[in-house]
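Have a look at the structure below before the remarks.
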Amino acid sequence: MGKKSKKSTADVIAKRLARAQASAFVKRPFEGLPFEADLVSLRQLVPAATATAKLTAEYGGDEIVFASLLPAAWQGLHRADGVIMAGLQTPVSSPDPSRDVAAAILAVKDAQPGTHAEATGDPGQGPRLQDILDASAPFTVSVSETFDYWLPADAALQDEEIRDTLEQANESISPTEKLVGAEGVYWTSMGGRNYVRWARSEDEDAVMDGLARLHARGENTLGGLGRYLGCFRAHGIAIPVWELGAHEQPDEVEGVLEGFARALDAAIADTAALSADERRARSGVVSRQLTIR
């Protein structure tokens, strides 16, 4: 009886611990994934885009298509043509979005085509994206001007209900492009103004220090094309934002991005103490932060 009682107590403790871990807030839910910056961007900033990924052999090795948004803000979709999709922009989430998305993928991947998974604030215990994704597989982002990726190419397999919602949804998309001169950089146009938003996966404090170093030297200008507006904070990473001139298109930004990236990377990597001018600049940089989630 004594051994059984001890075993039962241990099981209860283990279950309570697992429940506590499943409900604990995760400040940086996608940390450790090499494509963290793009995941956060698709979840928070990019209106319409997809990215390909792959499950590990343990979880079947299926190809997964991540989407910024799915119909009705679903978390997962097994499309009629067999494509398995994971939605990143959802109305609700648990304290660990990585667990949410992983749970939806596993819920729909072996289900019948046409099955979807709603977003939930309680995905239960289970693996996270870091556990089920093959981190060595390419994560190729494709930004779209429409939500046509909701539907299979084969008209015979298309869902009429989903197709009927496309026109209205497409009208809400702001023009956006992923820039190739550096990782995690997106150009967008909203309200007649153009912006560059750059998701950085380094430590937030290091990013703030780096921006402050450039700001103090008058070089925080995106190669002379932009005016630094501030910084979003989302899922534990910083996303600096620059406003461009009214006519600055992606090609112009690509022309200066590589050089500015080198300067910003070096400033972020610099661990020397900030000078008095840099500390003053940092106060201004930090004051212009907005936490998204």
Side-chain angles (χ1 to χ4, degrees), residues 24-46 51 88 93 95-98 128-130 133 135-136 139 141 176 178-188 195-244 253-254 256-293:
F25 172 71
V26 180
K27 177 183 177 182
R28 195 169 167 178
F30 306 116
E31 185 176 14
L33 292 169
F35 35 84
E36 176 187 18
D38 281 322
L39 269 178
V40 173
S41 296
L42 265 61
R43 180 171 168 83
Q44 298 291 358
L45 302 175
V46 181
L88 293 169
S93 67
D96 184 1
S98 179
R128 309 173 71 236
L129 289 178
Q130 289 86 337
L133 291 181
S136 67
F139 189 83
V141 175
T176 302
K178 179 176 171 59
L179 304 183
V180 301
E183 292 297 320
V185 191
Y186 292 83
W187 173 96
T188 189
Y195 304 90
V196 166
R197 300 181 288 194
W198 191 344
R200 305 289 309 200
S201 57
E202 299 93 343
D203 177 80
E204 286 182 86
D205 285 337
V207 175
M208 294 297 104
D209 285 351
L211 290 170
R213 295 181 196 281
L214 295 186
H215 217 75
R217 301 199 298 263
E219 298 174 5
N220 190 14
T221 62
L222 201 69
L225 295 183
R227 177 174 66 92
Y228 178 72
L229 288 185
C231 192
F232 291 123
R233 297 174 66 247
H235 298 308
I237 68 171
I239 308 174
V241 181
W242 293 265
E243 182 178 359
L244 304 171
V253 181
E254 291 284 16
V256 301
L257 184 57
E258 188 175 344
F260 183 70
R262 286 195 297 269
L264 181 55
D265 289 347
I268 291 173
D270 189 346
T271 58
L274 296 178
S275 68
D277 287 345
E278 290 168 346
R279 288 196 300 272
R280 283 191 290 270
R282 193 183 196 282
S283 296
V285 167
V286 170
S287 70
R288 287 184 271 177
Q289 289 188 88
L290 174 65
T291 301
I292 301 178
R293 188 176 296 182

Who pairs with [X] by side-chain contact (heavy atoms from CB on, under 4.5 Å), at least two apart in sequence or on another chain?
X    : value
T188 : S174, T176, M190, Y195, R197
R28  : E31, E36, S201, I237
S275 : D277, E278
A206 : D203, I268

Non-hydrogen atoms of [X] and [Y] that approach each other most closely:
X    : Y    : value
P240 : L211 : CG-CD1, 3.9 Å
A182 : A261 : CB-CB, 4.2 Å
R128 : V26  : NH2-CG1, 3.8 Å
A238 : C231 : CB-SG, 3.6 Å
R279 : L274 : NH1-O, 3.0 Å
G284 : S287 : O-OG, 2.8 Å

| query | Applying salt bridge (Lys or Arg N to Asp or Glu O under 4.0 Å), which residue pairs with at least one partner in residues 281-290 are found, sequence neighbours left out? | reply |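 Applying salt bridge (Lys or Arg N to Asp or Glu O under 4.0 Å) to every pair that reaches into residues 281-290, excluding sequence neighbours, yields D205-R282, D209-R282.
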Here the salt bridge (Lys or Arg N to Asp or Glu O under 4.0 Å) pairs for residues 266-276, sequence neighbours left out, are R213-D270
Q.
For T271, give me all partners under side-chain hydrogen bond (donor to acceptor under 3.5 Å, both in side chains), at least two apart in sequence or on another chain.
A.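 Here no residue qualifies.
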When rounded to the nearest 0.5 angstrom, what distance separates [atom1] in [X] from [atom2] in [Y]?
X    : Y    : atom1 : atom2 : value
I239 : Q44  : CD1   : CD    : 7.0 Å
L222 : W198 : CG    : CH2   : 7.5 Å
H235 : L39  : NE2   : CG    : 9.5 Å

query: Considering residues at least two apart in sequence or located in another chain, which fulfil the salt bridge (charged side-chain N to carboxylate O under 4.0 Å, His left out) criterion with E254?
result: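 Salt bridge (charged side-chain N to carboxylate O under 4.0 Å, His left out) check on E254 returns nothing, list empty.
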Residue pairs passing the side-chain hydrogen bond (donor to acceptor under 3.5 Å, both in side chains) test with at least one member in residues 221-230, sequence neighbours excluded, are R227-E243
| ring-ring contact (aromatic ring centres under 6.0 Å, His included) involving F35 - partner list, sequence neighbours excluded |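 By the ring-ring contact (aromatic ring centres under 6.0 Å, His included) rule, F35 matches F139.
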Open item on the list: Holding to ring-ring contact (aromatic ring centres under 6.0 Å, His included), I want the full list of residues that pass it with F232, two or more places apart in sequence or in another chain.
Closed with: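 Result, ring-ring contact (aromatic ring centres under 6.0 Å, His included) vs F232: none returned.
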Practice task
Please answer whether the main-chain N or O of P29 pairs with a side-chain N or O of Q130 as donor and acceptor at a distance below 3.5 Å.
Solution key: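 Looks like yes, one N/O pair under 3.5 Å.
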Close side-chain approach of Y186 and V141, heavy atoms under 4.5 Å: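 Side chain of Y186 against side chain of V141, heavy atoms only: contact under 4.5 Å found.
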Check whether any side-chain heavy atom of E204 sits under 4.5 Å from a side-chain heavy atom of V286, and report yes or no.
no
Q) If you look only at pairs with a residue in residues 258-277, which of them pass as a ring-ring contact (aromatic ring centres under 6.0 Å, His included), with sequence neighbours excluded? A)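 Residue pairs with at least one partner in residues 258-277: W242-F260.
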